[in-house]
Amino acid sequence: MKWPSAGDIPLPLLFSVDCGALPRVDGFGLPPDGTLLFFVNQEMDHEVSSGRYARVVYVPDGTETAVAKAPGSVCVRKQFSVCAELRAELPLWLQEGDEDEDWHPYWEDLEWDDMSSFQRQLARYMERDLPHLDELRALADGLWPSGTGVLIGGYADDEVINSIAEQALAGREKEGEIPAIPIAKWYSRLEEEKHQLTNEWISLARELPEYEAYCTSFVIRHDDLVAARVDKTLAVTHFEAP
């Protein structure tokens, strides 16, 4: 096949994944075999945030292939070996906050009066229906600790879900599917939309953030992944900087 590109800009190969070498996980419709290839120009994707500069390609087992030479203008990273392991992950709103800084990436340091109506609903649910939450967190943290740099599967990055939710709500308001709402209620509706989208979207692959480095998250709908429609994958690139 032709080397993936955005217009006349060839996209660097970030990494590839042998699906057949990975353990099977319930609820994660990864193809049972074949190879996933992740291409992205991280600098351009970070600047534009449109997904235009990223591609995911799936090559089923048995496909007749030939090794393609990367275009001369493509930056190629140093090759490194990888291994696979399992880890447990809780959704962001259920994770434990940072004890040293008394801060939580979802709840921040919100008091009850500062919470949206949907956040209050979640808080009541955690208090009323999850009496063993501390034990659940300890189990998820201790059962499969990990120091990996690339994650396959798991929950979609919160910033990515937030961006999808904002676009979805704005689009439905514009089309008249939902009435325009006051800004005070917008954030509550946004939190509810994000919570729903977390069930519909999954992380296909993501790099964990490193200081002063680009990292890319690839997310996809569950049904698109099951059908191997990896061209529907969305990519968002961040840059960790002071």
Of all the heavy-atom pairs spanning [X] and [Y], show the shortest one and how long it is.
X: Pro31; Y: Arg24; value: O-NH1, 3.5 Å
X: Val219; Y: Ala156; value: CG1-CB, 3.7 Å
X: Arg120; Y: Asp113; value: NH2-CA, 3.5 Å
X: Pro4; Y: Val57; value: CG-CG2, 4.3 Å
X: Asp45; Y: Tyr53; value: N-CB, 4.0 Å
X: Pro10; Y: Ser5; value: CA-CB, 3.8 Å

Mutual orientation of the aromatic rings belonging to Tyr125 and Trp93 [parallel < 30°, tilted 30-60°, perpendicular > 60°]: tilted

Ring geometry between Phe15 and Phe218 (parallel below 30°, tilted from 30 to 60°, perpendicular above 60°):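 Ring orientation of Phe218 relative to Phe15: perpendicular.
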
Worked check of salt bridge (Lys or Arg N to Asp or Glu O under 4.0 Å) between Arg137 and Glu96: CA-CA 7 Å; Arg137 287 168 170 164; Glu96 191 170 12; 5.2 Å; no

Between [atom1] of [X] and [atom2] of [Y], what distance do you get to the nearest 0.5 Å?
X: Asp231; Y: Arg55; atom1: CG; atom2: CZ; result: 10.0 Å
X: Leu225; Y: His222; atom1: CG; atom2: NE2; result: 8.5 Å
X: Asn41; Y: His46; atom1: CG; atom2: NE2; result: 12.5 Å
X: Gln95; Y: Leu90; atom1: CD; atom2: CG; result: 6.0 Å
X: Leu30; Y: Cys19; atom1: CG; atom2: SG; result: 4.0 Å
X: Leu136; Y: Asp134; atom1: CG; atom2: CG; result: 9.5 Å

Check whether any side-chain heavy atom of [X] sits under 4.5 Å from a side-chain heavy atom of [Y], and report yes or no.
X: Glu193; Y: Leu197; result: yes
X: Val40; Y: Leu11; result: no
X: Asp157; Y: Ser203; result: no
X: Ser16; Y: Leu37; result: yes
X: Val226; Y: Asp223; result: no
X: Val56; Y: Leu36; result: yes
X: Trp107; Y: Met126; result: yes
X: Leu133; Y: Glu127; result: no

Donor-acceptor side-chain pairing of Glu191 and Gln121 below 3.5 angstrom: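 No.
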
Under 3.5 Å side-chain donor-acceptor pair for Thr237 and Gln42: no

Intermediate values then yes/no, side-chain contact (heavy atoms from CB on, under 4.5 Å), Leu190 and Asn162: CA-CA 8 Å; Leu190 179 63; Asn162 190 78; 3.7 Å; yes

Candidates Ile164, Val160, Leu204, Ile220 - the one meeting side chain to side chain contact (heavy atoms under 4.5 Å, CB included) with Leu234: Ile164

Working for side-chain contact (heavy atoms from CB on, under 4.5 Å), residues Phe38 and Thr216: CA-CA 10 Å; Phe38 294 84; Thr216 303; over 6 Å; no

Ring pair (Phe, Tyr, Trp, His ring centres under 6.0 Å) between Tyr214 and His238, intermediate numbers included: CA-CA 6 Å; Tyr214 291 107; His238 304 290; over 10 Å; no

Side-chain ion pair, Asp158 and Lys194, N-O less than 4.0 Å: yes

Carboxylate-amine/guanidinium contact Asp224 Arg229, below 4.0 Å: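 Salt bridge: yes.
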
Centroid separation Trp201 to Tyr155 less than 6.0 Å: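 No, too far apart.
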
Glu135, CD: over 12 other non-hydrogen atoms inside 6.0 angstrom: yes

Glu207/Leu14 under side-chain contact (heavy atoms from CB on, under 4.5 Å): CA gap, chis, key distance, verdict: CA-CA 10 Å; Glu207 300 175 287; Leu14 187 64; 3.9 Å; yes

Step-by-step side-chain contact (heavy atoms from CB on, under 4.5 Å) determination, Thr35 to Tyr58: CA-CA 6 Å; Thr35 304; Tyr58 174 57; over 6 Å; no

